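First listed ligand is number 1; within each ligand, the first listed atom is number 1. All of these numbers come straight from a predicted model, not from anything done at the bench.
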Amino acid sequence: MLRILCLALCGLLTGTRADPGALLRLGMDIMNQVQNAMDESHILEKMAAEAGKKQPGMKPIKGITNLKVKDVRLPVITLNFVPGVGIFQCVSTGMTITGKSFMGGNMEIIVVLNITATNRLLQDEETGLPMFKSEGCEVILVSVKTNLPSNMLPKVVNKFLDSTLHKVLPGLMCPAIDAVLVYVNRKWANLNDPMPVGKMGTVKYVLTSTPVTTANYIQVDFNPVVQQQKGNAIKLADSGDTPEFPEGYAEGSSQLLLSDAFLTAELTLLQKSFDVSVRDTMIGELPPQTTGTLAGFIPKVAEAYPKSKPLVTQIRINKPPKLTMNTGKSLLHLHGTVEMSAVRRRGKPPVSLFVLEVHFSLKVQYSVRENRLQMATSLDRLQSLSRKSSSIGHFNEKDLTVFITDYLQEAYVPVVNDELQVGLPLPDFLAMNYNLAQLDIAE
Ligand SMILES: *[C@@H]1O[C@H](CO)[C@@H](O)[C@H](O)[C@H]1NC(C)=O
């Protein structure tokens, strides 16, 4: 069974395939980025400014000199998914074309038009990033009004429309569509950057295949690369299942699925940082960490240390952490050793009292901060406890269950939570903001 964490985003993105890593479903909400790109880039205004200049290959408008384009209307962009292709884009706008007419007077033409194109979604062969490429740009004239004297109408205007405006406008406006796509495509660029997970390694979201467009969303399938700082990439365990998006999200919304296998691989990067050595005698609500306290559970400690000594506790995690998910509940399993030693006088190393093998589970709560997945844990339970070695002779380790459980909760869990604060990076693309995402744990 594949377990996943689903972030329902207030944006658009999607993915599908049998790889166990991460899957993104982009709804129409994310595609607002295209609208924003058009607004932010002021592309139509730039095109308009260019229009007056003489450009190679641009046909002059017959009978008009000193041509200028002004008052470009704020474009309204309509987008629709085209299954298997990408996005159909319609930019409705208007503008005033001014110039000197062949009659010598000032002329104004107010044009309302639609620019339409299909933005095909591809995977850039060089970078592996998603990429939109426009095809079949057309300019549709919605209305044309002029200030020419009415006795010249309609012949001149009609001729003008047919022979010139229709030919000139695509060359003038279609580059705007391409320029907007360049702008949007650039917003995918960060996706390829390895993002740090603390100092232990990096995560990179690599596209598995060309994103797939359906009638309602674009799906992007990731094969994330979890790379150790010094060492190999961590292979994701394959559960054999295809991730599926849970039902019931708002239409047009975007979702990101992260599998337990992927999160487990990321946590493996942090394994070393979960090793600690604690020398404090007073920790939270715990009784003093001394051989005297320990003797209350194992009388043999008092025989070996009649005079109470401070304790040093070392916890070593000796297997990669493992994350499990069940509907609504996620656990982090840690396997390792707890070694308690008595502190001796200055200059002498502590003496190991015993080493215990432990397996315990932590309950995980997820949140998102600064586009990173944050995890906060609390002790679920001590799953198993066994004695590996002892310098004080045989004792029943079960007598230490409460002592160790309290110790893990009070002294160790805060250390784990501190380390987890580095956060797990989420895919960075299209200026996505995950902070308002709703999080669900699903099977
Ligand atoms: C222009 O685009 C708008 C918005 O998509 C649409 O409602 C209108 O029908 C289009 N007009 C023409 C003539 O295509």
Would you please say whether a donor-acceptor pair under 3.5 Å links the side chains of Gln255 and Ser253?
yes
Have Gln383 and Arg381 got a donor and an acceptor in their side chains that come within less than 3.5 Å?
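There is such a pair between these side chains.
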Would you mind writing out the side-chain donor-acceptor pairs for residues 416-423 within the sub-3.5 Å range, not counting sequence neighbours?
| unit_1 | atom_1 | unit_2 | atom_2 | d |
| --- | --- | --- | --- | --- |
| Asn417 | OD1 | Thr377 | N | 2.7 |
| Asn417 | OD1 | Thr377 | OG1 | 2.7 |
| Asn417 | ND2 | Thr377 | O | 2.9 |

Atom pairs and distances, donor-acceptor, side-chain atoms in residues 128-137, under 3.5 Å, two or more places apart:
| unit_1 | atom_1 | unit_2 | atom_2 | d |
| --- | --- | --- | --- | --- |
| Ser134 | OG | Asp178 | OD1 | 2.6 |
| Glu135 | OE1 | Arg120 | NE | 3.3 |
| Glu135 | OE2 | Arg120 | NE | 2.7 |

Which pairs of N or O atoms, one from ligand 1 and one from the protein, are separated by less than 3.5 Å, and what is the distance for each pair?
| unit_1 | atom_1 | unit_2 | atom_2 | d |
| --- | --- | --- | --- | --- |
| ligand 1 | 2 (O) | Ser92 | OG | 3.2 |
| ligand 1 | 2 (O) | Asn114 | OD1 | 3.2 |
| ligand 1 | 2 (O) | Asn114 | ND2 | 2.4 |
| ligand 1 | 5 (O) | Thr78 | OG1 | 3.4 |
| ligand 1 | 11 (N) | Asn114 | ND2 | 2.9 |
| ligand 1 | 14 (O) | Asn114 | ND2 | 3.3 |

Would you check if the side chain of Thr208 reaches a backbone N or O of Asn223 as a donor-acceptor pair within less than 3.5 Å?
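Present.
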Name the atoms and distances for all side-chain donor-acceptor pairs under 3.5 Å in residues 403-415, with sequence neighbours left out.
| unit_1 | atom_1 | unit_2 | atom_2 | d |
| --- | --- | --- | --- | --- |
| Thr405 | OG1 | Thr401 | O | 2.6 |
| Gln409 | OE1 | Leu379 | N | 3.3 |
| Glu410 | OE1 | Glu285 | N | 3.3 |
| Tyr412 | OH | Phe274 | O | 2.5 |

